[in-house]
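To start, the structure itself, in structure tokens.
Labels below follow one simple rule: chain letters A, B, ... track the order of the sequence lines, proteins then strands, and each chain is numbered from 1.
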Number of protein chains: 2
Amino acid sequence: MATDEHIHQQILNAIVEHQLPPGARLPEDRLSEAFGVSRTGIRKVLQRLSLEHFVVIEKNKGAHVNRPSESEALEVLDSRILIEPQLIPALITHWNPEQSSRFRLMTKEEKQAEANGQLAEAIQLTARFHYELAHLSGNKVLASFVEQLCYRSSLILAAYGTRGSVGCECGDHAQLLDILDSGSAEDAQHWMSHHLKHIRSSLILESKEDTNIDFQRLFSR
Amino acid sequence: MATDEHIHQQILNAIVEHQLPPGARLPEDRLSEAFGVSRTGIRKVLQRLSLEHFVVIEKNKGAHVNRPSESEALEVLDSRILIEPQLIPALITHWNPEQSSRFRLMTKEEKQAEANGQLAEAIQLTARFHYELAHLSGNKVLASFVEQLCYRSSLILAAYGTRGSVGCECGDHAQLLDILDSGSAEDAQHWMSHHLKHIRSSLILESKEDTNIDFQRLFSR
DNA sequence: GTATCCATTATTGTATACAATAAAAAAGGA
DNA sequence: TCCTTTTTTATTGTATACAATAATGGATAC
């Protein structure tokens, strides 16, 4: 059975897992036959994905996977830097051993996926770690916005990411859990801020501009 | 000519201006004949409005204007309290006499609309004051989120607002402009925080629960 | 051989037709 | 008279048909 929600999740996964790279075309009839529904259902999903900034729909040209601009990439990270640390005080009031072990399991799976080279899994888990923390704050409005930002970040890393975007000298996500267990909201805020700023600064923003490629310079010798 | 964007804006205006009250039905064929387009175009707009939380679509039951829950109302305001003051430092770097006079004009129109009893105008201008400030921060991602929150706030005030929600003992929006002119980011942040908290606390959240009305208690004597 | 123009093709935009569902009204029985 | 059941009506969900647009490839003229 192919419900709207299901189709949406499938395509979104493919995008954030870099199966569908930035710029990839998403023809309606191809997708409709792939999912076994009519174009109507596909259009609805594509419409939604475009409002969520995962695809771009150009009139009479169809849907492409969004290729985030430099400014968009930075703004998404800046938004996270502004919001996620601020959620710590609220989430720490809901913090308990049960949550702690739940998140520790996630970081374990995360490391494993990374070690086994399961890129798609690793990306999903990294994003999930962040937005599930956000949901713990109790504010669903902010949490779902953060969730969207996390998914967008995955897409951004597909366009501008380096190997450094994954690792971080501040340690992995497990370290944040230690801090949360210790109960220091302030430390956790600092860690989160630092972590996100590290990701932001790891983006390489000059090279991958493929609009206006200077073919002259590229192929002349 | 009735483009998608135009229809969206029209319906959104009607909602935030309280012309279409929370709970109002939005039948597709009625709207389609009103705007002179087929149901297809209307459905697209309704879909979008539902993703933006202005309408709720129930399967096989159609679209209604969203009746925000208490928790949703509080979460929207909390989100604004968390974000909007944080945008002040960025926006103050773009502050200049030109912007100042532009916003002063807005507050003037705002007061006038309020004085003349033009409720719809006043609501729009109040929201606009906030989200245009947010856009001055330079972060389009956050600004458009704040914009949505401001519109949602207008809908929330339709459901839970009091007369106190409009006025505020901290003075009107013009006072913030004075602070911005003085250049004190910290003061501006405090003002914004206070202002939003005042709106939040002015909501009356007990009464208008019309789900689960206790008719027993209501009509027994 | 190259450039321009035209025709073909592929794809999306929009409207409509039909099916499915839920609400409302009517009929029947107690 | 009131409750239950059935029928009707209104409305939405989905697929498809047709129109409009843009991209591609080929033909013709120079």
Give the minimum heavy-atom separation between A/V45 and A/D4, together with the two atoms involved. CG2-O, 3.9 Å
Will you find, in the side chains of A/Q148 and A/E52, an N or O donor that is under 3.5 Å from an N or O acceptor? no
Contact letters for nucleotides 5-20 of chain D, in which S counts primed atoms plus P, OP1 and OP2 and B counts the base, heavy atoms under 4.0 Å: ------SBBBBB----
Side chain proximity check, A/T40 to B/T40, heavy atoms < 4.5 angstrom: no
Do you see a donor-acceptor pair shorter than 3.5 Å between the side chains of A/H130 and A/H195? yes
Heavy-atom distance under 4.5 Å between the side chains of B/K44 and B/H8, does that happen here? no
